[in-house]
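Working notes, structure below.
Not measured: the values here are computed from a predicted model. Any value given below was found using the heavy atoms of this structure, including those in side chains, with hydrogens, waters and symmetry copies removed. All chains are named by letter (A, B, ...) in the order of the sequence lines, taking the proteins before the strands, and each is independently numbered beginning at 1.
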Protein chains: 2
Amino acid sequence: MRKEYEVLDDFLHSKGLRHTHQRKKIVDIFLSTEKHVSLDDLFKLVHKEDRTIGYTTVYRTMRLLTDCGLSNEIDFGDGVSRFEHKFGHEHHDHLVCMKCGRFIEVVKQKIEDLQGRLAKEHGFLPTAHRLHIFGICKRCQSRGASSKG
Amino acid sequence: MRKEYEVLDDFLHSKGLRHTHQRKKIVDIFLSTEKHVSLDDLFKLVHKEDRTIGYTTVYRTMRLLTDCGLSNEIDFGDGVSRFEHKFGHEHHDHLVCMKCGRFIEVVKQKIEDLQGRLAKEHGFLPTAHRLHIFGICKRCQSRGASSKG
DNA sequence: ATATAAATGAAAAGCATTTTCAATAAAAGA
DNA sequence: TCTTTTATTGAAAATGCTTTTCATTTATAT
Ligand SMILES: [Mn+2]
Ligand SMILES: [Mn+2]
Ligand SMILES: [Zn+2]
Ligand SMILES: [Zn+2]
């Protein structure tokens, strides 16, 4: 069994929360995608498998997953929150393609270090940061045309 | 006369748009603050000076100012758009204090450079970026208590 | 002054997110 | 297994900010 389920089980147990088949399905589907999904994306995926599960339950479950550290909520500034896997995933920044909408995960340790130094220079105690670079991805540059995905 | 007004005049003229006393007042008030103001902030400031100017006009005017390059719209991820001066202001990133809500403007050229390199390494053509560092500002660290501003 | 098209303000609509609430179901104990 | 307790669910409504609509007003050119 994936470690993710242990984390969730522990969290549920420690808080006196319950296992439900709705939660199980939603978690399964979330863990089975490697994309940066919005609530709407996720609800659609869930709905295909089980028409009885409501949007609100998806909403609440993602909140739960975020609380227990399995999910990370990101705001790319387009008015919609997205969720990505957090457990077992290191911190990373994103290149956001304005043409196809893909999010490319990147890490540059030197930038991370310099951010820490920058904060320090201002006597600022950093707890989190968000770096998004917007532009056109490699694929969208070669193809002139657009292609959502 | 400030250069900002020339920029606006040129923009209005080139688009066949009109000067109105509402726009004048809103622009004056926006230019007279150095803060990162939300629409609501700005409307309140405007409303104090002229009770007849509506929220919608403030909204549309800020959109206009953003279009003509006098204003920059920022999303700090708290569900509210904010506006800052753009004309004559160089690009900068922000340290966001989670306690008092202040936005500290910072620049680190080395980070900017490394971002360009990072994009290049991925064949990505960057057009804009956003770096926000969240945490506790110097002032809020020394005072234990909170103080909005 | 008149004509024309832009601008305005109030109200309504949009839209993602969050809350409410009555009904349902999970888990613990008898 | 049956009962009790309390978390969970789904539909609908509420929220909060942004954006549009539309009838009226106003800026500008003639
Ligand atoms: Mn990611
Ligand atoms: Mn700023
Ligand atoms: Zn792309
Ligand atoms: Zn502070």
Integer-rounded Å distance: [N] [atom2] and [X] [atom1]:
| X | N | atom1 | atom2 | answer |
| --- | --- | --- | --- | --- |
| A:Y55 | C:dT18 | OH | C1' | 10 Å |
| A:D67 | D:dT8 | CG | P | 12 Å |
| B:D75 | C:dT17 | CG | P | 12 Å |
| A:H21 | C:dA26 | NE2 | P | 6 Å |
| A:D78 | C:dA16 | CG | P | 10 Å |
| B:I74 | D:dT18 | CD1 | C1' | 17 Å |
| B:L17 | D:dT28 | CG | C1' | 12 Å |
| A:K25 | D:dT8 | NZ | C1' | 16 Å |

What I want to check is whether an N or O donor and acceptor connect the side chain of A:R18 with the base of D:dT6 at under 3.5 Å. yes
Would you say the side chain of B:R23 and the base of C:dA7 hold a donor-acceptor pair, judged only by whether the two atoms sit under 3.5 Å apart? no
Can you tell me if the side-chain N/O atoms of [X] get under 4.0 Å from OP1 or OP2 in [N]?
| X | N | result |
| --- | --- | --- |
| A:Q22 | D:dG10 | yes |
| B:Y59 | D:dT18 | no |
| A:T20 | D:dT9 | yes |

Donor-acceptor pair, side chain of A:Q141 and main chain of A:I136, under 3.5 angstrom: yes
Which residue lies more 5' along DNA chain C, comparing A:S81 with B:H19 via nearest heavy atoms: B:H19
Is the centre of the A:F30 ring less than 6.0 Å from the centre of the A:F83 ring? no
What nucleic acid atoms does B:S38 come within less than 4.0 Å of, heavy atoms only: base, sugar-phosphate, or nothing? nothing
Taking the minimum atom-to-atom distance to the side chain of B:T56, which one of D:dA12, C:dC21, D:dT20 wins? D:dT20
Count I, L, V, M, F, W, Y as connected when their side-chain heavy atoms are under 4.5 Å apart, and connections chain through other members. Are B:Y59 and B:L65 then in the same cluster? yes
Between A:I29 and A:Y5, is there shared hydrophobic-cluster membership here, with clusters defined by ILVMFWY side-chain heavy atoms closer than 4.5 Å? yes
Only residue of A:Q115, A:Q109, A:K110 satisfying side-chain hydrogen bond (donor to acceptor under 3.5 Å, both in side chains) with A:D113 is A:Q109
Contacts of B:H13 and B:E73 projected onto DNA chain D by closest heavy atom; the upstream (5') one is B:E73
